[in-house]
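See structure below.
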Amino acid sequence: MVDQKTHEQAELADGNTVCAGCGAVAAGTLPTWTCSVENGERRYFCDNCARENIRAIEGRLDSSWW
């Protein structure tokens, strides 16, 4: 989706991880979240965002395309 946040920080100062798709915050990095490296920057995606965009992720499309 074009209106999704795509340039969020991967980790907050308190160590929590932010989903680059929807902005959900998780304590630490959850093992079920997906990590993608785009333009040399790590981006994490929560379970829901990863499921909604799995084909684009597997096709190695940057999140700005979905």
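All residue numbers refer to positions in the sequence shown, counting from 1.
Pairing each heavy atom of Trp33 with each of Ala24, the nearest pair is CH2-O, 3.6 Å. Contact record, Cys49 with Cys19: SG-SG, 3.7 Å, taken as the closest heavy-atom pair.
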Quiz item: Given Val18 and Tyr44, is the side-chain contact (heavy atoms from CB on, under 4.5 Å) satisfied, shown in steps?
Solution: CA-CA 7 Å; Val18 178; Tyr44 293 94; over 6 Å; no

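Partners of Asp47 according to the side-chain hydrogen bond (donor to acceptor under 3.5 Å, both in side chains) rule, which considers only residues two or more places apart in sequence or in another chain, are Thr32.
With rounding to the nearest 0.5 angstrom, the CG atom of Asn53 is 11.5 Å from the CD atom of Glu58. Atom SG of residue Cys22 and atom CD of residue Glu52 lie 8.5 Å apart, to the nearest 0.5 angstrom.
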